[in-house]
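A, B, ... follow the sequence lines: proteins, then strands. Residue 1 opens every chain.
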Amino acid sequence: MTPTELSAALVIILRRMQDDGRIGAGELPSDVVVERPKNREHGDWSTNVAMQLASKFETNPRALAALLAAELQLLDGVAKVDIAGPGFLNITFSAEAAGELAKIIVEAGNAFGSSEALAGLKINVEFVSANPTGPIHMGGTRWAAVGDSLSRILEAQGAEVTREYYFNDHGAQIDRFARSLLARAKGLPAPEDGYGGAYIQDIADRVLADTAEDILALPEDEAQEAFRAAGVALMFEEIRISLHDFGVDFDVFFHENSLYESKAVDRAIARLRELGHIFELDGAVWLRSTTFGDDRDRVVIKSDGEHAYIAGDLAYYLDKRERGFDRCLYLLGADHHGYVPRMMALCAAFGDEPGVNLEILIGQMVNLLRDGEPVRMSKRAGTVVTMEDLVEAVGVDAGRYALARSSSNSQLDIDLEQLTKRTNDNPVFYVQYAHARTKQVEKNAASLGVDRSEFEPSLLVHPSESELIAKLAELPRIVASAAEFREPHRVARYVEEVAGAYHRWYDNCRVTPLSGGPAETIHRTRLWLNNAAGIVLKNSLDLLGVSAPERM
RNA sequence: GCCCUCGUAGCUCAGUGGAUAGAGCAAGAGCCUUCUAAUCUCUUGGUCGCUGGUUCGAUUCCAGCCGAGGGCACCA
């Protein structure tokens, strides 16, 4: 019996009670929340369903709870059902029923925690999407960690996920980048509106070295074009490698320029014109986004004939939908939140449902600290701290974990000093250590002849044992909610709790017999639980893109 | 002025209407002849920014205010 099964059983009981008239008609919830109560005296699992549904069925919570309790008593594995307070149902499993979970997990292996809840859904997750004008800064790095983890979580729910990077290789920013490269190659200072930072010199030098002809001898505009093409390609490659080294591999790098080359932009505008959402004013072409809640209409083609940035967005969104994505997730930094209304408006203008077909997540800023002081200097970029700086300072695992363990709605302060410590104030080591312990125990067990030839879950009665089992049981629910709310940090918080429960269990319950004693049923049974914990830790860390070492 | 996010322990942060608000760190005290002491045990620590509202019940939902950060282009 797992909490998931208990939840399903409650729904069935409610439906049956409705069928034979013990409660009135009315819509039943598809899912009943079953929680682990904070207070151990409140049983193994608890639900507030009676309080939530009582008024709907014109009864009082305790009376409904009593009806449910009588039915729950009859379930296999339920040892005790209490009604507490205003109408909580507190359910206690028998040790045997609870312990069965260890075997379920071991047999499920890396599939434990996954489901097919989102099967058949095609989801496009677009993140990072930093301009190829410099290294990836911390905002992009946060989304690299969180976006990749979110993608893994959605995949674990059965969705077909495409990780996509929108590569902005068109427009004025790129021109500035090209002018900066050219200026630096000539030994001139960076243009007023250009890019500084040592990496500009690196790229400029490499462009010169990689090109056979003498670019600097070309006319100004041709030279700039040569630097643009070669510089963007080099920067692109560098970004791709940084991301790969960070454990993030994109399925699609989508080049903005391709939308113009393929005339997709013109087609998207034509489509909106057919739908009646385009008008002309003052020589410019506008999208009437105010129809869909934007606070002002938006210029799509400027009066000088150039496309505004949103023209690319229109075509890009349409392209995603035409590629068959049911959901298009955009993961943007806080400095882009002002785009949300116009993006939602363009979604609606195409006849789609904002917030469903197009969904935008906003990530707040990340501040790096060292000894409480903000870190501002970066060797290469000069003014911003980059993904590579973070990796160099703390490594990939600690970096990804720190970025993924808190809500992206909150600004985040990361202390580099803390992350480099190999102690408990660095949560990623706490969790990885727990996993390494499960592996070490497994190895010791094998050498002492403890195997999984027996499984007697009724022996798993120590309090730390039932705590651990209950915690392991929550993984499927945690993954489902992390996917539903697009919040990978739920997995990180959860895995820390699992690690804590495992360490406490390890401290109390031995898998291998003391000093050469005989291996008994209890030891063999505990080996199942040990391995189950290892699987849950591993599966959770996988979802975060953090390694699960076998020894540390 | 308008918009978005945030405000919870000394610090970094969990907690999407429930029971006595949690974790780690920091501070203090313990446990290594026994599977990894990067572990574990115990102690200290709170006006959940403020004021109202909604209800059986609000840290959670709503409104206003205060504070922090970020945005408000025919820039990209």
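- With its glycosidic angle within 90° of 0, B:rC32 adopts the syn conformation.
- Between the side chain of A:S406 and the base of B:rA14 there is no donor-acceptor pair of N/O atoms closer than 3.5 Å.
- Using a 4.0 Å heavy-atom cutoff across all strands shown, A:S481 reaches no nucleic acid atom at all.
- A donor-acceptor contact under 3.5 Å is formed by the side chain of A:S303 with the base of B:rC74.
- Of the possible donor and acceptor atoms, none in the side chain of A:Y195 sits under 3.5 Å from a partner among the backbone N and O of A:G134.
- Using the Watson-Crick or G-U wobble rule with both distances under 3.5 Å, B:rA27 pairs with B:rU43.
- Looking only at distances, a side-chain donor or acceptor of A:D451 sits under 3.5 Å from a matching main-chain atom of A:S453.
- If you check distances only, the side chain of A:N90 does reach the base of B:rA19 with a donor-acceptor pair under 3.5 Å.
- Residue A:Y506 has a polar side-chain atom (N or O) positioned under 4.0 Å from OP1 or OP2 of B:rA37.
- Using a 30° and 60° split on the angle between ring planes, A:Y166 and A:Y316 fall in the parallel class, below 30°.
- Going from atom CZ of A:R526 over to atom OG1 of A:T512 covers 10.0 Å, rounded to the nearest 0.5 Å.
- Residue contacts for A:D282: at a heavy-atom cut-off of 4.0 Å it reaches a base atom on one of the strands shown.
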